[in-house]
Amino acid sequence: MINELVKVYNTALNYDGVDGKRLAERLDAISKIGVLPTGGVSRQGFSPEEKEAKELVAGWMKDAGLTVETDAAGNVFGRFKGKDNSQSIASGSHIDTVPAGGNFDGVLGVLAALEVAEAWKASGCIPEKSYEVVIFSDEEGARFSSGVFGSRSYMGLVDDELIASLRDSEGLNLEAVLEQYGSSLSDYKNIQQRDWTFFAEAHIEQGKLLEKNKLPVGIVNGIAGQAWLEVEFKGLAGHAGNTPMNDRQDALVAAGRFVSELEEIPKLVSDTAVATVGKMAVFPNGANVIPESVKMIVDIRDIHEDTRDTLLKLVTERANSIAEERNIGVTVSGTSRVKPVPVDEVYKQELHDILNELSIESMELPSGAGHDSMNIGLTLPVAMIFARSKDGISHNPKEWTSLNDCVTTVHVLKKFLEKQMNK
């Protein structure tokens with residue numbers, strides 16, 4: 001991996017203490033932990049591979065002069081002591097992967113945050129406030145099918161009811177998993193938040209907007225809040241041969257019309273709203289039977305809660321009107337709802353100024369995917385930047401971000417964090 005990273009690297013990007021070769025070597029070292037013979041890597045949350053990767057990064061933190069602590073959820077914190085040690089700002093991401101995942105999702109955010117501390121150390125800079133580099137556990141949710149688990153744990157968002165329901169693929173509950181990892185459930189329930197006043201996260205884009213616009217880095221204007229609707233159209237089963245076309249109550253025809261019209265609804269509320277049907281069940285699902293019911297999940301997201309909720313209302317109204325027109329029944333119920341996290345205009349403008357200073361065209365884009373920042377952002381100000389991802393691929397062995405783009409992302413993050421230090 002390292003040879004491919006450095007072969008087209010522009011060494012002119014090595015300035016202000018930032019070292020691209022060091023970053024490449026660290027990306028390469030982590031890529032070997034959990035590597036699969038079929039390609040990609042697998043570092044499931046709370047696995048030996050995730051723990052090994054965390055310990056490797058923790059060693060680099062210590063070498064950089066950071067004081068390292070780990071909480072009962074396995075979240076790792078490396079502290080660079082500032083002039084004012086009574087409060088800190090933080091940056092980081094995660095180091096776990098999906099099964100057969102790539103080498104940049106999450107990892108770049110952790111190593112970019114650490115490279116900022118390395119750059120300050122190299123230049124003899126002591127920041128105005130203390131600074132913490134963070135590795136959150138199990139962001140991908142592969143262990144418990146419950147995403148951003150480490151940051152939710154840190155923020156106290158995992159209650160007793162959820163704890164009781166958690167099981168991994170082997171049937172182990174959270175208590176057993178924590179004990180295997182070297183922690184305990186009693187300590188987990190007493191996790192304390194730290195003295196952060198701000199959190200920033202760098203991440204690969206997981207989309208094609210930056211690549212299409214030939215930009216190395218972009219400004220995240222918000223993290224979309226996901227909401228799910230379960231929609232079930234209910235008709236009447238009948239014989240496919242003996243029931244005339246003008247005397248049918250076909251649930252699948254109604255569902256098909258609904259799905260077809262769904263893609264036009266988000267643009268009515270916002271240019272960042274999206275709606276998707278990716279899961280559907282037809283009953284009785286026989287080749288010669290008119291479908292009696294069709295149940296689907298509608299995934300609805302936007303970076304603003306008001307427009308997201310308006311979209312929920314419009315989608316519900318459309319389902320009801322189609323059912324009425326087709327003379328069949330429909331039920332619509334919400335199954336989950338996550339609060340969106342918009343990024344404050346002040347931070348976006350600061351990032352615009354930094355990109356302009358670096359002679360990079362500035363572009364804002366939403367994050368449709370969830371990130372650890374969305375949990376921190378429920379109570380603290382947060383900001384995110386995206387690095388360009390080749391072909392928009394993520395969660396895949398082909399995931400790739402050039403070293404030039406990685407180092408450019410570090411410079412943007414560093415300048416941005418320095419602005420926060422001086423507030």
Side-chain angles (χ1 to χ4, degrees), residues 30 43-46 50-51 53-54 57-58 61 69-79 88-98 101-102 104-114 116 131-158 162 188 191-206 220-226 301 303 338-344 347 366-387 394-395 409 413 416-417 420:
I30 294 174
R43 292 189 297 270
Q44 185 185 66
F46 299 104
E50 187 204 34
K51 191 171 188 179
K54 287 177 179 173
V57 178
M61 289 177 178
E69 298 180 30
T70 302
D71 71 13
N75 299 318
V76 179
F77 311 92
R79 190 178 185 91
S88 64
I89 64 174
S91 181
S93 193
H94 63 98
I95 217 158
D96 65 298
T97 71
V98 298
F104 296 86
D105 182 340
V107 178
L108 177 59
V110 170
L111 294 184
L114 178 55
V116 170
Y131 171 61
E132 296 207 335
V133 179
V134 190
I135 310 172
F136 286 115
S137 298
D138 194 24
E139 191 268 358
E140 299 292 2
R143 190 61 186 249
F144 295 112
S145 298
S146 184
V148 290
F149 187 77
S151 55
R152 282 196 295 154
S153 301
Y154 171 78
M155 295 298 294
L157 300 174
V158 181
L162 179 56
Y188 174 86
I191 290 174
Q192 300 296 310
Q193 292 182 24
R194 302 174 73 82
D195 57 2
W196 301 348
T197 59
F198 181 81
F199 181 79
E201 182 174 4
H203 204 280
I204 62 170
E205 182 194 348
Q206 301 175 285
V220 177
N221 54 18
I223 306 170
Q226 179 193 64
R301 307 184 189 210
I303 62 173
V338 176
K339 190 178 181 67
V341 178
V343 175
D344 191 279
Y347 303 121
S367 174
H371 299 282
D372 290 310
S373 293
M374 68 191 301
N375 292 318
I376 310 304
L378 294 175
T379 58
L380 287 179
V382 297
M384 285 192 73
I385 54 175
F386 276 163
S394 71
H395 289 184
T409 299
L413 179 65
F416 180 66
L417 290 171
Q420 312 318 311

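Along the sequence shown, residues carry numbers from 1.
Salt bridge Glu69/Arg194: present, at least one basic N to carboxylate O contact under 4.0 Å. Taking 4.0 Å as the cut-off between side-chain N and carboxylate O, Glu132 and Arg79 count as a salt-bridged pair.
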Criterion side chain to side chain contact (heavy atoms under 4.5 Å, CB included) on Gln44 and Asp96, from CA distance to verdict:
CA-CA 6 Å; Gln44 185 185 66; Asp96 65 298; over 6 Å; no
Side chain to side chain contact (heavy atoms under 4.5 Å, CB included) for Phe136 and Asn375? Distances and angles first, verdict last.
CA-CA 11 Å; Phe136 286 115; Asn375 292 318; over 6 Å; no
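The shortest side-chain heavy-atom distance between Ile303 and Pro366 falls under the 4.5 Å cut-off. Residues Thr197 and Leu380 form no side-chain contact, since every pair of their non-hydrogen atoms from C-beta on lies 4.5 Å or further apart. Residues Asp372 and Val134 are not in side-chain contact: their nearest non-hydrogen atoms beyond the backbone lie 4.5 Å or more apart. Taking 4.5 Å as the limit, every side-chain heavy atom of His203 sits out of range of all side-chain heavy atoms of Val220. The shortest distance between side-chain heavy atoms of Thr70 and Val76 falls below 4.5 Å. Counting only heavy atoms from C-beta outward, the side chains of Gln206 and Asp105 approach each other to under 4.5 Å. Two residues are said to be in side-chain contact when any heavy atoms from C-beta on lie closer than 4.5 Å; Val57 and Ile95 meet this criterion.
Side-chain atoms of Arg152 come within 3.5 Å of backbone atoms of Gly147 as a donor-acceptor pair (strictly under, hydrogens ignored). Side-chain atoms of Lys54 come within 3.5 Å of backbone N or O of Gly74 as a donor-acceptor pair. Between the side chain of Asn75 and the backbone N or O of Ser137, at least one donor-acceptor pair lies under 3.5 Å.
Summarising the geometry of Glu201 relative to His371, their closest heavy-atom pair is OE1-CB, 3.7 Å, with the distance given to 0.1 Å. When every heavy atom of Tyr131 is checked against every heavy atom of Ser88, the shortest pair comes out as N-CB, 4.2 Å. Residues Leu417 and Ser91 come closest through the heavy atom pair CD1-CB, 4.2 Å. For Ala200 against Leu413, the heavy-atom pair with the smallest separation is CB-CD1, 4.1 Å. Nearest heavy-atom pair across Ile223 and Ser373 is CD1-CB, 3.7 Å. Smallest separation of non-hydrogen atoms from Ala53 and Arg43: CB-CD, 3.9 Å.
Just one residue in the list Phe149, Phe199, Trp196 forms a ring-ring contact (aromatic ring centres under 6.0 Å, His included) with Tyr154, and that residue is Trp196.
Between Phe198 and Tyr347, the ring planes are tilted. Angles from 30° to 60° get that label.
His94 and Asp138 share no donor-acceptor pair across their side chains, judged by distance under 3.5 Å alone.
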